[in-house]
Amino acid sequence: EVQLVESGGGWVQPGGSLRLSCAASGITFGNYDMSWVRQPPGKGPRWVSAINNGGDRTYYEDSVKGRFTVSRDNANNTLYLHMTNLKPEDTAVYYCATYTVVSGTAEYDYWGQGTQVTVSS
């Protein structure tokens, strides 16, 4: 019933840009803080970015700060991640997920299927 569907991934050369989208359904989207998580090949998932339900507070992992921008359109139930100056180490499957913090620990209750981002020459 709850669905998060990522799109916009693909191949790009180093220094290029991509914009990922996450379409949500089955939830009251505007009531949820949201996040982006990525999983590089052969590694576990790593948190990338988060945005509060109202869209006025954003957070980033240090390696993407200044290069990635998270945003949301609550009227359209959509989450975005605009990525610029992409590097080979950004190669990963990117997931959107609901985001909550319980006792100082991040929790991700709902996930999308992921979209592949490959950065190479």
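In this chain, residues are counted from 1 in sequence order.
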Expected output: side-chain [X] to main-chain [Y] donor-acceptor under 3.5 Å:
| X | Y | result |
| --- | --- | --- |
| Thr84 | Arg67 | yes |
| Glu61 | Lys65 | no |
| Asn74 | Asn53 | yes |

Let me confirm one number: the [atom1]-[atom2] distance from [X] to [Y], rounded to the nearest 0.5 Å.
| X | Y | atom1 | atom2 | value |
| --- | --- | --- | --- | --- |
| Thr69 | Tyr60 | OG1 | OH | 4.5 Å |
| Thr115 | Trp36 | OG1 | CH2 | 8.0 Å |
| Ser21 | Leu81 | OG | CG | 9.5 Å |
| Asn77 | Cys22 | CG | SG | 10.0 Å |

- Query: In the single-linkage hydrophobic clustering (I, L, V, M, F, W, Y; side-chain heavy atoms under 4.5 Å), do Trp47 and Trp111 co-cluster?
  - Reply: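 Yes; Trp111 is reachable from Trp47 via cluster members.
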- Hydrophobic cluster identity match, Val64 and Val119, side-chain contacts under 4.5 Å: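 Linked, Val64 and Val119 end up in one cluster.
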- Message: Under the criterion side-chain contact (heavy atoms from CB on, under 4.5 Å), I'd like the reasoning laid out for Gln116 against Thr91: C-alpha separation, chi angles, the key distance, then a yes or no.
- Response: CA-CA 8 Å; Gln116 175 70 233; Thr91 295; 4.1 Å; yes
- Task: Apply the side chain to side chain contact (heavy atoms under 4.5 Å, CB included) test between Leu20 and each candidate in Met83, Glu6, His82; give the one that qualifies.
- Result: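 By the side chain to side chain contact (heavy atoms under 4.5 Å, CB included) criterion, Leu20 pairs with just one of Met83, Glu6, His82: Met83.
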- Query: Which atoms form the tightest heavy-atom contact between Val37 and Pro45, and what is the distance?
  - Reply: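 Where Val37 meets Pro45 most closely, the heavy atoms are CG1-CB, 3.8 Å.
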- Message: Ignoring hydrogens, what is the shortest heavy-atom contact between Cys96 and Leu79? Give both atom names and the distance.
- Response: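 Nearest heavy atoms, Cys96 then Leu79: CB-CD2, 3.8 Å.
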- Enclosure of Gln3 CD (heavy-atom neighbours >12, cutoff 6.0 Å):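 No, because the 6.0 Å sphere around CD of Gln3 holds 12 heavy atoms or fewer from other groups.
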- Message: Within the 4.5 Å heavy-atom criterion, are Arg72 and Met34 side-chain neighbours or not?
- Response: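 Of all side-chain heavy-atom pairs linking Met34 with Arg72, at least one is under 4.5 Å.
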- Task: Determine whether Tyr108 and Tyr99 make a side-chain contact, defined as any pair of heavy atoms from C-beta on separated by less than 4.5 Å.
- Result: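 In short, these two side chains touch, coming nearer than 4.5 Å.
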- Salt bridge or not for Arg57 and Asp33, using N-O below 4.0 Å?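 Asp33 and Arg57: not salt-bridged.
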- Query: Could you go step by step and tell me if Asp90 and Lys87 meet the salt bridge (Lys or Arg N to Asp or Glu O under 4.0 Å) rule?
  - Reply: CA-CA 5 Å; Asp90 295 319; Lys87 305 175 180 180; over 6 Å; no
